[in-house]
2 protein chains.
Amino acid sequence: MESQDLRKVGLKVTLPRLKVLEILETSDQRHMSAEDVYKALLEMEEEIGLATVYRVLTQFEGAGLVSRLSIDGGHAVFELEDGTHHDHLLCVRCNGIEEFVDEVIEQRQRAIAKQKGFEMTEHSLYIYGICRKCQESQ
Amino acid sequence: MESQDLRKVGLKVTLPRLKVLEILETSDQRHMSAEDVYKALLEMEEEIGLATVYRVLTQFEGAGLVSRLSIDGGHAVFELEDGTHHDHLLCVRCNGIEEFVDEVIEQRQRAIAKQKGFEMTEHSLYIYGICRKCQESQ
DNA sequence: GTGTAAATGAGAAAAGTTTTCATTTATATT
DNA sequence: AATATAAATGAAAACTTTTCTCATTTACAC
């Protein structure tokens with residue numbers, strides 16, 4: 001019932017929005033750039049412009065349907081929002097992304113913000129490295 | 001004795017390099033974008049091209065004289081390297097940057113990388129929020 | 001002083017993303 | 001079901017940040 005999801009967050013039900021949502025839900029990559037989504041759309045014969053993909057993803061972000069990761073000064077990748085806060089491990093070799101949750105880190109961050117007098121709005125934590133698979137295959 | 005600093009890291013002593021170093025050392029902002037440095041140079045009547053500023057900052061980074069922070073998918077800022085590893089708090093209102101060190105977080109990150117089989121190369125942690133000053137003046 | 005490799009400046013190019021504006025579409029209203 | 005209208009879309013241009021190209025200049029070893 002994807003149409004309902006869109007209406008629920010106050011977005012008109014349009015083909016581009018339905019198709020972008022479909023890609024995000026059915027792709028085997030959990031993390032996709034706008035370009036990735038655009039190419040996946042082309043593969044399913046949906047001629048949706050890249051600008052529209054960006055617009056839709058940005059709206060989805062605003063609506064809380066997806067979250068945006070800003071990777072290392074470069075491009076952004078998007079993931080379907082699943083309600084859990086988590087941080088990311090990025091493989092610098094294969095660009096794979098893994099997720100993790102660590103309550104100790106979460107709590108330390110809140111403590112640091114408080115100690116510095118910051119009203120924390122969000123945080124971003126990326127651990128860069130070489131994933132197990134890439135270490136083995138080399 | 002800045003010329004020595006440059007020779008020590010194998011960089012020829014040139015006016016642009018000396019001046020960029022001078023800006024970084026004397027500016028009241030510890031964190032500066034390439035654009036900031038470029039403008040500061042113009043203010044001191046040094047007509048050094050922006051491309052050169054980028055090149056010099058990148059070389060300084062390679063030489064370990066400065067480190068580069070990649071802020072939130074956008075532009076990079078540079079800070080003089082002081083030998084201490086630290087992470088950053090960013091004020092979303094005034095764009096101010098504060099630094100902090102937390103051994104617990106450092107250690108947890110290493111543990112997570114290990115647990116996930118990652119060979120960690122680096123990490124980036126930013127806490128976003130509203131700094132004390134901005135909370136008060138509003 | 002001179003030669004040579006390295007550095008610089010200016011502008012073009014690149015990458016990722018957003019904006020513009022004319023056209024099309026979804027949906028609230030008749 | 002037809003229509004009005006506000007919103008969404010496509011295509012191209014614009015924008016932002018950074019890097020590259022290449023002709024000219026400079027640092028420094030000899």
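Every chain is numbered from 1 and lettered A, B, ... according to where its sequence line falls, protein lines coming before strand lines.
- In this entry the distance linking CE of B:Met32 with P of D:dT18 reads 14 Å, nearest Å.
- In summary, of the residues considered (A:Lys39, A:Lys19, A:Arg17), a salt bridge (charged side-chain N to carboxylate O under 4.0 Å, His left out) with A:Glu46 occurs for A:Lys19 alone.
- In terms of position along DNA chain D, the nucleotide closest to A:Leu11 lies nearer the 5' end than the nucleotide closest to the other residue of the pair B:Phe78 and A:Leu11.
- Put simply, CG on B:Leu6 is 10 Å from P on C:dT8, counting in whole angstrom units.
- Rounded to whole Å, atom C1' of D:dT18 lies 11 Å from atom CD of B:Glu35.
- Residue contacts for B:Ala34: at a heavy-atom cut-off of 4.0 Å it reaches no nucleic acid atom on any strand shown.
- Where A:Ser33 and A:Val13 meet DNA chain C, the nucleotide closest to each residue was compared, and A:Ser33 sits on the side nearer the 5' end.
- A straight line from CD of A:Glu47 to C1' of C:dT25 spans 18 Å, rounded to a whole angstrom.
- Using a 4.0 Å heavy-atom criterion, one finds that B:Arg17 contacts the sugar-phosphate atoms exclusively.
- In this structure, the NE2 atom of B:His75 is 15 Å from the P atom of C:dT17, given to the nearest Å.
- Rounding to whole angstrom units, CG of residue A:Leu69 and P of C:dT17 are separated by 12 Å.
- The structure places CZ of A:Phe118 at 10.5 Å from NZ of B:Lys133, a figure rounded to the nearest 0.5 Å.
- Counting heavy atoms from C-beta outward, B:Asp87 and B:His85 have side chains that approach closer than 4.5 Å.
- The nucleotide whose nearest atom lies closest to any side-chain atom of B:Val56 is, among D:dT9, C:dT18, C:dT8, C:dT8.
- For A:Leu50 and A:Arg55, each mapped to the nucleotide of DNA chain C holding its nearest heavy atom, the one lying further toward the 5' end belongs to A:Leu50.
- Side-chain contact between B:Ile105 and A:Ile112 is present, with heavy atoms from C-beta onward closer than 4.5 Å.
- The listed nucleotides are C:dA6, D:dA7, C:dG9; the one nearest the side chain of B:Pro16 is C:dG9.
- The shortest distance between the side-chain N/O atoms of B:Tyr54 and the OP1/OP2 oxygens of D:dT18 is below 4.0 Å.
- Across all strands, A:Leu15 comes closer than 4.0 Å to no nucleic acid atom at all (heavy-atom distances).
- In this entry the distance linking OH of B:Tyr38 with P of D:dT18 reads 15 Å, nearest Å.
- The pair A:Arg110-A:Glu119 does not count as a salt bridge, with every side-chain nitrogen at least 4.0 angstrom from each carboxylate oxygen.
- Between the C1' atom of D:dT18 and the CD atom of B:Gln59 lies a distance of 14 Å, rounded to the nearest Å.
- Heavy-atom nearest nucleotides on DNA chain D were determined for B:Ala51 and for B:Thr14, and the one closer to the 5' end corresponds to B:Ala51.
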